[in-house]
Amino acid sequence: MNSYVVHELEFLKELNPSQRTAVELTEGPVLVIAGPGSGKTRVLTYKVAYLIATKKASPMQIVALTFTNKAANEMKRRIVELIGVAGEAVFAGTFHAFAARVLRMFGDKVGIERNFTIYDEKDSQALIKDIIEELGYQHERVLTPSYVYERIERLKERFVTPEDTPMYEYPDREVRNIYREYNVRLQHNNALDFADLLFYAWRVLRESEVARERFSKKYILVDEYQDTNRAQYEILKVLAQKYRNITVVGDEDQSIYRWRGADIHNILDFEKDFPDAKVIRLEENYRSTKRILRVATHLISFNILRKGKQLYTTNPEGDRVKIIEAYDERDEARKVVDIVENAGRNLGDFAILYRTHFQSRTFEEELQRRGIPYVVVGGLRFYERKEVKDALAYLKVLVNPRDTVSLIRVIENPPKGIGKVTLKKLQQYAERHGNSLYGVLREVEAIPDIPARIKGHIITLYQNIERWRHLDVKPAELLDKILGESGYWEWIGDDEERIENLRELIASLREYEELEDYLRTVALFTDIDEWRSDRQKLNLMTLHSVKGLEFPIVILTGLEEGLFPHYKSLNEPEELEEERRLFYVGITRAKERVYITYAMSRRRRVCMRSRFLNELPSEEIDFEW
DNA sequence: TAAGTTCCCGTTTTT
DNA sequence: CGGGAACTTA
C-alpha cells in the first residue's frame, strides 16, 4: 500500500471495532443493525469513502439510497468532506429520486414519456375524487379520496394490479373499480404517482438490459432499511443481482412507516433473502445517558417483532425521566414552556414532540403569548401551500399539457370565467372524443352548449398557455411572467405571506436552466429537507419528523390513550408495536434529559394516560402532579 | 353560470 | 385553521 492510500485511510481510526468491520466488509451482503445513536450514518459515509480510497470502486459505481432527501444530502456532504469533490459523483438520494432518474433515461422502455408529471398525494386524490363521483360512489361514506388513495398505493407497492386486487369484503370491489380507472387516468394524464415511480423503475430494470447495466452499481448502500417497502426491496434485489455487494443499515426498533407500506420483515428476514449475509450489530450508543438508554430499552422490550439488541454507553448516568400531568392541553402547553424557560439553556437545545400535527397549535399559542421564538418542522409544508401548488401547476401544464389535474388547477386559480358547469362539459366532451382536456380547449368552437362569452375566456386561456409554452426564457423568468399575466399577483392582493412564498419559489427556480429538471426534483422535495437547527429557536415537530435527529432535551407530549398510541392503531397488535417504536424513537433522540407529559382532558374530553407510561421502569422515573 | 361568502367539518404519521 | 360544501349575489 503506498503512502498516499495510507494517508487516505487514516479516517478508519475514528471508528470503533464493529463500525470498522461494517466498513471493511465490502464484498457480499451485509446487514448492519444499528441502534439509536450508534453512528450508522458514519458507517455509511465512511464505507463509501473507503470503497473509493481503496480503489475498489469509482464514485460512479456506488449508489447510496436513503429515505429522505435530508439524509441523502447529509451523507453526500460528509462523503465530500472525507474524500473531496470526487464524492460528488456518488449517487446519494431517495429511492424515489433514483427511480425518477431511471425513468428519465429509460422510461420509454416501459411506455413512459420523457415529460411525465409526478403526482403528489393531493394531485392523486383530486383525480380519485373525480372518479369516485363518476362511478357514483360519493355517498359511500368510507370511500373518501384519502382512504382510497391509501388502499391503492398499498396495492401498487406490492405490484398488485387492479385485476389482481382481492375482494374479501365491502369496499374491496369499489376500490378495485376506482383503482382501475385511476390507472387509466394517470396514463391519459401522462402522470405517475409515488408508487408508480418505484413500480415502473423496477420494470425498467428488469426488462431492459441496457438500463440494468447502466444502473447496476458495483456497491449498493441502503440507509433506514427497516422502512423500505416491498417495491423498494424488489428494486434492491434487481440492482444487487449482478455484484451482490449490498450493505443495508437499519434498526427494526425504529421502523415507523408501516402505515405507508414499509415492511419490517424486509429487515427481519434479510438473512433469509441473503443466506450468506454477514450481520453486524452497532450497540454502543454515543448519544444518550445511561438512564435514557435503560428506559428506552425497557420500553421496547414489550415488542415481540424484533431481533433484540444490547445497547450500552460510556456516557454519564444522567437524570431521571420526568413525567408531568396536566389538566388539559393548555395547561400542558404552559407546563412545557415553563420547563423550557426555567432551564436556562438555548432554545435550540429543546425539542417538543407530539404524535399529530394539530397538537402544535396549543404550543404555538402559548409560545406566541410569551414571545418565545420557535420553529414548527414540517407543519404545512412549503410545496403543499396553495399558492405554491398553483404556481407549479402552471409550469407543469407547460411541460405536460395532458396533465389534467394541473390544468384544472390553472383554470380555477385565479378564476378565469370558466366555472364548474363549463368544466364538466369540457371534460365530458374530452371523454367522448378520446381527447385530453387541453386538446378540447383548442377545439372549443366546435362544442355546443357553451355561451360565446365563456368560449372567449377559454380561447384566451388556451392562447396564453400556448404563448407561455413557446417562450424562450429561463424558468424563473417564465414563472414571474405567468404570475403577472394570469393575474395571479393581483388575485392574492397584499397577502404578504403568499407573495413571499411565491418569491421564494421563483428564487429556487433560478438554479435551474431546464424546467423539466426542476419539476422532477421539486415533486420529491419536502420541508424537513430544508430544516436547519437554530440555537435561538425552540423546535416543535412530530415524532415521525424527529427520526434521525438528536437534542439535549426532549419533551414528549400528549401521552394519552387514543392519541399516543393513536386510536387507529389499537386494534392491530402490529400497529400498536409501531406506536411503541415511535415512543422509543422519541426517547432515544435525547442526549441528556427526557420529559413526558399528558393531559387529563383534551378538547374537552376526558382522557386516560397512555399505557406506554406503565411500560417505563418506575425506578428511573419521577412523577410530578 | 360564475364567483364570492359563510359556515361547518375534522385533524396520524409523509417519501 | 384551512378546505370544502352550501348558499347568495351578480
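Please read these numbers as outputs of a predicted model, since none were measured by experiment. In the text below, chain A, chain B and the rest are named by the order of the sequence lines, each starting its count at 1.
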Candidates A/V148, A/I128, A/L135 - the one meeting side-chain contact (heavy atoms from CB on, under 4.5 Å) with A/L143:
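By the side-chain contact (heavy atoms from CB on, under 4.5 Å) criterion, A/L143 pairs with just one of A/V148, A/I128, A/L135: A/V148.
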Sole candidate of A/V375, A/I555, A/L367 that passes side-chain contact (heavy atoms from CB on, under 4.5 Å) when paired with A/L538:
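It is A/L367, the one option of A/V375, A/I555, A/L367 that forms the side-chain contact (heavy atoms from CB on, under 4.5 Å) with A/L538.
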Distance in angstrom units between [X] [atom1] and [N] [atom2], rounded:
{"X": "A/E412", "N": "B/dA2", "atom1": "CD", "atom2": "C1'", "answer": "12 Å"}
{"X": "A/K420", "N": "C/dC7", "atom1": "NZ", "atom2": "C1'", "answer": "14 Å"}
{"X": "A/R409", "N": "C/dG3", "atom1": "CZ", "atom2": "P", "answer": "9 Å"}
{"X": "A/Q359", "N": "B/dG10", "atom1": "CD", "atom2": "P", "answer": "19 Å"}
{"X": "A/I411", "N": "B/dT1", "atom1": "CD1", "atom2": "P", "answer": "16 Å"}
{"X": "A/I450", "N": "B/dA2", "atom1": "CD1", "atom2": "P", "answer": "9 Å"}
{"X": "A/N413", "N": "C/dG3", "atom1": "CG", "atom2": "P", "answer": "11 Å"}
{"X": "A/K386", "N": "C/dG3", "atom1": "NZ", "atom2": "P", "answer": "8 Å"}

At under 4.0 Å between heavy atoms, what does [X] touch on the DNA or RNA strands: base, sugar-phosphate, or nothing?
{"X": "A/K424", "answer": "nothing"}
{"X": "A/L197", "answer": "nothing"}
{"X": "A/F194", "answer": "base"}

Which atom pairs link the protein and nucleotides 11-13 of chain B when you take only N or O atoms and keep those under 3.5 Å?
from: B/dT12; atom 1: O2; to: A/R355; atom 2: NH1; distance (Å): 2.9
from: B/dT12; atom 1: O2; to: A/R355; atom 2: NH2; distance (Å): 2.1
from: B/dT13; atom 1: OP1; to: A/H357; atom 2: N; distance (Å): 2.6
from: B/dT13; atom 1: O2; to: A/W259; atom 2: NE1; distance (Å): 3.0
from: B/dT13; atom 1: O2; to: A/R355; atom 2: NH2; distance (Å): 2.6
from: B/dT13; atom 1: O2; to: A/H544; atom 2: NE2; distance (Å): 3.3

Nearest-0.5 Å distance that lies between atom NE2 in A/H544 and atom CG in A/D227
8.5 Å
Report yes or no: does A/N400 contribute a side-chain atom to a donor-acceptor pair with the main-chain N or O of A/N189 at less than 3.5 Å?
yes
Among side-chain atoms of A/E364 and A/Y374, is any donor-acceptor pair under 3.5 angstrom?
yes
Examine B/dT1: is either OP1 or OP2 under 4.0 Å from a nitrogen or oxygen in the side chain of A/K425? Give yes or no.
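Answer is yes, contact under 4.0 Å.
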Tell me which of A/P415 and A/F95 sits closer to the 5' end of DNA chain B, going by the nucleotide each one is nearest to.
A/P415
How are the rings of A/F106 and A/F215 set to each other: parallel, tilted or perpendicular (split at 30° and 60°)?
perpendicular
Against the six-membered ring of A/F116, is A/R520 placed for a cation-pi contact (under 6.0 Å from the centre, within 45° of the normal)?
yes
Residue whose closest nucleotide on DNA chain C lies nearer the 5' end, A/E365 versus A/K129
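With A/E365 and A/K129 compared, the 5'-side residue is A/E365.
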